[in-house]
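Labels below follow one simple rule: chain letters A, B, ... track the order of the sequence lines, proteins then strands, and each chain is numbered from 1.
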Amino acid sequence: MVAISILVFVNNRASNALQLVLGLFFKTNGASSRVLSVLSNIGLSVSAMTFERLKKQISDDAIELAITLMLATGIWAIIFDNINIFLRKHSQRVTNHNSMIHATNVAIFGVDTEGIDIDAALDLQAKLDKRGGRYAATFDDILPTPEDNEHMERIFDHLIAEIIVSYAPGSRSWKQRKEMLEKIMELMPRDRPLPPKKSDARPFGVFDVNEGSKVGIVQVLEAIRERSTLSEEEFSAKVRAILGDWLTSNNLRGSRHDRADDINSMERIDYADELSQLFHFALQATHMNMRAHYGHAVSDPTSLAAHKGLLGRKWDVEKPNYAAAKSLIRHSLIARLLHRH
DNA sequence: CCACACTTTATAAGGAGATC
DNA sequence: GATCTCCTTATAAAGTGTGG
């Protein structure tokens with residue numbers, strides 16, 4: 001079969017099923033262009049040039065798939081983040097310095113619209129009309145219902161039970177510890193658990209834009225719009241979810257604040273619905289915990305500040321530090337619970 | 001430090017099949 | 001049979017890394 005494939009390839013260069021797959025294998029496993037050139041000449045592989053073209057084609061096709069999603073009628077979201085690559089040059093010359101690539105990697109993904117009114121969800125004017133409403137908010141707006149309250153109390157009980165069973169001194173030798181933990185997890189109240197669904201994420205390629213600033217956010221959004229083939233009006237006429245890290249959300253808000261008086265929705269970025277990703281929510285939550293409940297090490301010996309000193313933790317609480325903050329909060333909480341217990 | 005290997009990129013061009 | 005399109009390779013130049 002290999003022989004026939006080579007004969008077919010020699011007769012017609014376009015018939016390259018075997019040679020393309022083999023070339024892909026050779027190249028991705030580190031064959032140099034010279035090796036590939038010999039393999040190509042004996043009919044076992046396509047040329048290195050063709051391989052490069054294949055990579056470009058695969059990349060373009062992927063972006064095309066993402067554009068298809070953006071032009072369809074459903075809901076899609078944009079997610080992007082900076083990627084910074086340091087290029088250390090060995091033979092340094094005037095024209096060959098160490099440098100850094102500041103690029104932005106982007107993906108588009110489809111949002112599951114089952115049971116969702118797409119037009120209402122994407123209605124930009126309805127979203128903008130709600131601006132300023134927080135000023136008039138009262139406690140009643142966030143007052144939990146009796147059902148909410150009962151739900152939270154049950155969760156609270158289960159969390160405490162789980163911590164006691166997990167960490168009480170000697171609990172590891174409890175005979176039915178595993179069963180107890182399983183029972184606790186099983187009885188943990190759940191709120192509308194979502195059924196798992198296959199997600200639809202499509203790579204949108206990399207942009208030669210440094211996203212990590214307010215100006216960078218504007219530039220990357222314009223570059224995304226341009227690649228999507230949507231016009232400024234089309235792109236900014238509906239609510240667009242922009243997902244990223246904390247810094248991205250923060251810069252986006254800053255940029256929108258600076259541009260509140262600009263000429264249209266695209267420039268004002270008021271179409272953007274920024275959303276920190278799950279880890280960054282956790283990062284903000286732990287940091288908020290430190291800001292709200294840190295306390296004072298001297299005047300309050302039960303404070304997080306006092307526990308931090310007692311445990312010899314040396315990080316700066318003014319700066320977000322997820323792992324250290326979570327560790328301190330849990331250590332402190334567990335100690336309190338077991339002490340009361 | 002140098003010669004050379006290697007990659008990337010631009011340009012030119014050929015063969016097969018489709019179309020008119 | 002001429003012409004076009006698609007797919008491909010050859011080749012050179014420029015830029016950069018590395019072993020001796």
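Within the 4.0 Å cut-off from OP1 or OP2 of C/dA10, at least one side-chain nitrogen or oxygen of A/Asn41 is found.
Rounded to a whole Å, the CG atom of A/Leu36 is 13 Å from the C1' atom of B/dC6. Per the geometry, CG belonging to A/Leu54 stands 12 Å off P belonging to C/dT9, to the nearest Å. Rounded to whole angstrom, the span from the NZ atom of A/Lys27 across to the C1' atom of B/dC6 amounts to 9 Å. Across the protein-nucleic acid pair, A/Asn98 atom CG and C/dG15 atom P stand 18 Å apart, rounded to whole Å.
You'll find that the side chain of A/Arg53 is closest to C/dT9, out of C/dG17, B/dT7, C/dT9. Nearest to the side chain of A/Lys89, among C/dT9, C/dT16, B/dT7, sits C/dT16. Closest approach to the A/Glu52 side chain among C/dG17, B/dT8, C/dT9 is made by B/dT8 (side chain taken as heavy atoms from C-beta onward).
Distance alone, capped at 3.5 Å, is enough to place a donor-acceptor pair between the A/Ser255 side chain and the A/Lys214 backbone. Under the 3.5 Å distance criterion, the side-chain polar atoms of A/Thr286 are left unmatched by any main-chain donor or acceptor of A/Lys326.
Taking a 6.0 Å sphere around CZ of A/Arg177, one finds it holds more than 12 heavy atoms contributed by other residues, nucleotides or ligands.
Inspection of the A/Thr50 and A/Arg53 side chains reveals an N or O donor paired with an N or O acceptor under 3.5 Å.
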